[in-house]
Amino acid sequence: MIYEKEGGLSREELEAALKQSLEGKKLSKVLILPPDFTRMYSGAGVITQIYYDLLKDKCSVDIMPALGTHFAMTEEEWKAFFGDVPFDRMIVHNWRNDVVKLGEVPAEFVSEVSEGLVKDSIDVEVNRRLVDPSYDLVISIGQVVPHEVVGMANYSKNIFVGCGGSSMINSSHMLGAFYGMERIMGKDFSPVRRVFDYAEEHFMAKVPLMYVLTATTNKGDEITLHGLYIGRERSNFEAAVKKSQEINLTHVKERMKKVVVYLDPREFKSTWLGNKSIYRTRMAIADGGELIVLAPGVKGFGEDEENDKLIRKYGYVGREQVLKLVEENEDLKNNLSVAAHLIHGSSDGRFTITYCAGGLTREEVEGAAFRYVPYEEMAKKYDPAILTDGFHTVDGEEIFYISNPALGLWVCDD
């Protein structure tokens, strides 16, 4: 089921499509897997609300946000995202302890899709509830958008990372880092995506899974739903990829010398998330250029206590140094998703990164290998309340401003 509309689908059209997706299904117990609050512009919040209202009087409904390694949602975030859906319907996914192993992606396959860069097998782990036979239907909801690890986010990523275990999360992130972000972002058939496809085909066939994918843009808090893609078929995902490539990629003719990115404090509270400002702009920034990250809500590094400690310990020191640190340090070797994140969060000396984090000190920011300027000082010069997306001249200097890096990818045509 594919729904696309120029100008966006209305609430009434969305409700009708979701209602149609349930027709003919005899349901007694349903598990819904939406993203968490860090995907607040995905449209998944209202979709979850609609599904809950359609199902609550007919069957039992559980909702387990696909957290991956993120913090559990607070009640305030839950209400902001899911409206009047009861908070007690939430199940918290524990990526370290609440998973079962379904099998493994063979080493030969991983080596083939990675062009020999990675030669280890990858364990396929998911939250145990996904294979609980008492569920008649599992609804996986999320936005298809450019992504630094898998190429285009969502579809089976929501299962194997969002609801996955530490082995799959670590291995897939490092696979993407080894292969190279520039070769992956904005594309469908990346090595990581092929690993997910293999796992979906070989280990999830018996799960009554229905994907509900979105392609969106936003202006402020107003979300436009350009496409809705419902079903198990991969062709739905491919249609969503095509739409996202149309609406979420920004092409520039020349590499930019100065880029200013704003991180909404409601969505971005850590560099783990906030470094989308680096991932998504790196292919558009000139060598010797500067990235300024306005991050009033960033108060930590990792979305997990152990990950936070490792980021503080090693910092965003560049690809080659991180790979050396992995070889020399067991704690990093055992947490490869952190190592991959450290690689992704560095410009490898190509351009400078100035992090204006409202909740971190100069010592903390500089200790992680970023430059630091107080948020208030930089926001006074580059005022998020005034600037709009695109080119501006500030104090005689040309800058490119981005209000939300999570919803796009910026690429130079060269």
Side-chain angles (χ1 to χ4, degrees), residues 14 18 30-52 61-83 85 87 89-95 126-127 129-130 138-164 168-169 172-173 193 196 209-218 221 223-230 236-237 240-241 244 248 263-264 266-270 272-274 276 279-280 303-304 337 404-408:
L14 175 60
L18 299 182
V30 174
L31 177 63
I32 301 178
L33 308 173
D36 64 7
F37 191 67
T38 63
R39 307 300 196 265
M40 60 186 289
Y41 296 113
S42 62
V46 67
I47 290 173
T48 302
Q49 292 176 46
I50 293 170
Y51 270 129
Y52 182 78
V61 182
D62 291 329
I63 301 173
M64 186 173 72
L67 294 176
T69 59
H70 298 175
F71 290 121
M73 292 177 69
T74 66
E75 187 167 3
E76 181 182 6
E77 290 172 338
W78 179 275
K79 289 180 178 178
F81 201 31
F82 300 128
V85 177
F87 185 59
R89 291 293 81 205
M90 180 176 71
I91 296 172
V92 177
H93 168 61
N94 185 322
W95 64 287
V126 297
N127 188 286
R129 292 170 182 83
L130 270 72
V138 178
I139 305 175
S140 177
I141 307 170
Q143 178 191 19
V144 176
V145 69
H147 193 271
E148 56 278 359
V149 173
V150 68
M152 298 295 288
N154 226 269
Y155 185 48
S156 49
K157 176 182 178 292
N158 211 43
I159 303 299
F160 298 117
V161 174
C163 301
M168 173 62 92
I169 293 172
S172 62
H173 280 65
R193 177 59 68 189
F196 293 162
L209 185 59
M210 180 173 74
Y211 292 106
V212 180
L213 308 174
T214 67
T216 74
T217 58
N218 78 295
D221 286 344
I223 300 169
T224 300
L225 180 60
H226 298 272
L228 179 69
Y229 311 84
I230 304 176
N236 287 338
F237 171 63
V241 166
S244 177
N248 298 130
L263 302 179
D264 188 324
R266 296 171 297 174
E267 184 176 2
F268 298 99
K269 299 179 176 64
S270 67
W272 188 275
L273 297 173
K276 291 182 187 297
Y279 315 151
R280 305 293 177 82
E303 290 278 296
D304 168 274
S337 63
N404 187 348
L407 286 182

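Because the structure is predicted, anything quoted here is derived from the model rather than measured. In what follows, every heavy atom counts, from backbone to side chain, and hydrogens, waters and symmetry copies are set aside. When a residue number appears, it is its place in the shown sequence, counting from 1.
Distance OH/Y52 to CD1/I139: 13.0 Å, rounded to 0.5 Å. Between the OG atom in S140 and the CG atom in L209 there is a gap of 6.0 Å [rounded to 0.5 Å]. Expressed to the nearest 0.5 Å, how far CG of L407 lies from OG of S244 amounts to 9.0 Å. Separating the CD1 atom in I230 from the CG atom in N236 is a distance of 8.5 Å, to the nearest 0.5 Å. Separating the CZ atom in R280 from the CG atom in N248 is a distance of 9.0 Å, to the nearest 0.5 Å. Between atom CZ of residue F37 and atom OG1 of residue T74 there is a gap of 8.0 Å, rounded to the nearest 0.5 Å.
Scanning both residues, M73 and P65, for their nearest heavy atoms gives SD-CG, 3.8 Å. Of all the heavy atoms in V61 and R89, the pair that sits closest is O-NH1, 2.8 Å. Here the closest heavy-atom approach between residue E75 and residue F87 is recorded as CA-CE1, 3.5 Å.
With contacts defined as side-chain heavy-atom distances shorter than 4.5 Å, the pair H147/V145 does not qualify. You'll find the side chain of N154 stays beyond 4.5 Å of the side chain of T214, heavy atoms only. Residues K276 and E148 are in side-chain contact: their nearest non-hydrogen atoms beyond the backbone lie under 4.5 Å apart. Counting heavy atoms from C-beta on, the side chains of R39 and H70 come closer than 4.5 Å. Contact of the L263 side chain with the L273 side chain is not registered, since no non-hydrogen atoms from C-beta on lie closer than 4.5 Å.
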### Task
Give the intermediate values and the outcome of ring pair (Phe, Tyr, Trp, His ring centres under 6.0 Å) for residues Y155 and Y211.
CA-CA 7 Å; Y155 185 48; Y211 292 106; 4.6 Å; yes
### Query
What do the steps show when you test W78 against V85 for side chain to side chain contact (heavy atoms under 4.5 Å, CB included), and what is the final call?
CA-CA 8 Å; W78 179 275; V85 177; 3.9 Å; yes
### Task
Check the pair V150 / S172 against side chain to side chain contact (heavy atoms under 4.5 Å, CB included), numbers first and verdict last.
CA-CA 8 Å; V150 68; S172 62; over 6 Å; no
#### Entry: Full working for side chain to side chain contact (heavy atoms under 4.5 Å, CB included) between D264 and N404
CA-CA 7 Å; D264 188 324; N404 187 348; over 6 Å; no
### Task
For side chain to side chain contact (heavy atoms under 4.5 Å, CB included), just list the numbers for N127 and M64, CA-CA rounded to whole Å, side-chain angles, deciding distance to a tenth of an Å, and then say yes or no.
CA-CA 10 Å; N127 188 286; M64 186 173 72; 3.5 Å; yes
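Under the 3.5 Å distance criterion, the side-chain polar atoms of S42 are matched with a main-chain donor or acceptor of A44. Side-chain atoms of H93 come within 3.5 Å of backbone atoms of G164 as a donor-acceptor pair (strictly under, hydrogens ignored). Under a 3.5 Å cut-off, the side chain of N158 and the backbone N or O of L33 do form a donor-acceptor pair.
Taking the charged nitrogens against the carboxylate oxygens, E77 and K269 do have a contact shorter than 4.0 Å, which makes a salt bridge.
Residue W95 forms a side chain to side chain contact (heavy atoms under 4.5 Å, CB included) with just one option from T69, L67, V161, and that option is T69.
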